[in-house]
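Here it is, the structure, as structure tokens.
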Amino acid sequence: MKFEFATATRIVFGPGSVREAISTAAALGSRAILITGSNPLRADAFRNDLRKHNVDCTVFSISGEPTIPSILEGIRNAKEARCDLVIGYGGGGALDAAKAISALITNPGTPLDYLEVVSSGSAS
């Protein structure tokens, strides 16, 4: 079964989705941070296909659920590599990390500034 779910972000799932992600990525940028699960080797073929489409990748792996320190590290890596694209590849932790990193690369503050209920406690 193939489906597409469009919201503030775009998620494509099902047969042929990887091919579609490669062409979409190539249209959006040339330097990606590729957020993977704990085994980044699973994304090697995908990363090689991105390279063939002129998208260089910096790989950042997440084990389990992302933490604030891991999100901050991912942001640092993306900025240092001058990434213009964030790709989440894998399960829920990788996708959650990719969403957080993409939101904070170009916005001020820390993850705590954007969390509902569990904020930094600063008044706006």
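Heads up: numbering here begins at 1 and tracks the sequence. The structure displayed is predicted, hence computed values, not measured ones.
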Pairs involving residues 85-97, ordered by first then second residue, that meet salt bridge (charged side-chain N to carboxylate O under 4.0 Å, His left out) (sequence neighbours left out):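 Passing the test, one end in residues 85-97: Asp96-Lys99.
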Considering all heavy atoms, the nearest Gly29-Val55 contact: O-CG2, 3.7 Å
N/O donor-acceptor pair under 3.5 Å between Asn107 side chain and Leu104 backbone: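 Side chain of Asn107 to backbone of Leu104, a donor-acceptor pair under 3.5 Å: no, none is there.
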Between CG on residue Leu85 and CG on residue Asp56, distance to nearest 0.5 Å: 11.5 Å
Counting only pairs under 3.5 Å, give me each side-chain donor-acceptor contact of residues 32-40, with atom names and distances, residues two or more places apart or in other chains.
residue, atom, partner, partner atom, Å
Asn39, OD1, Leu41, N, 3.1

Ser102 OG to Ile75 CD1 distance, which is reported to the nearest 0.5 Å: 9.5 Å
From OG (Ser30) to CG (Leu50), nearest 0.5 Å: 11.5 Å
Can you give the donor-acceptor pairs under 3.5 Å from side chains of residues 58-71 to other protein atoms, not counting sequence neighbours?
residue, atom, partner, partner atom, Å
Thr67, OG1, Ser70, N, 3.2
Thr67, OG1, Ser70, OG, 3.2
Ser70, OG, Thr67, N, 2.8
Ser70, OG, Thr67, O, 2.8

Contact list for residues 70-90, test salt bridge (charged side-chain N to carboxylate O under 4.0 Å, His left out), sequence neighbours left out: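 Not a single pair qualifies under salt bridge (charged side-chain N to carboxylate O under 4.0 Å, His left out).
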Qualifying ring-ring contact (aromatic ring centres under 6.0 Å, His included) pairs, either residue in residues 63-104, two or more places apart: Phe46-Tyr89
Pairs satisfying salt bridge (charged side-chain N to carboxylate O under 4.0 Å, His left out), at least one member in residues 27-55, at least two apart: Asp44-Arg47, Asp49-Lys52
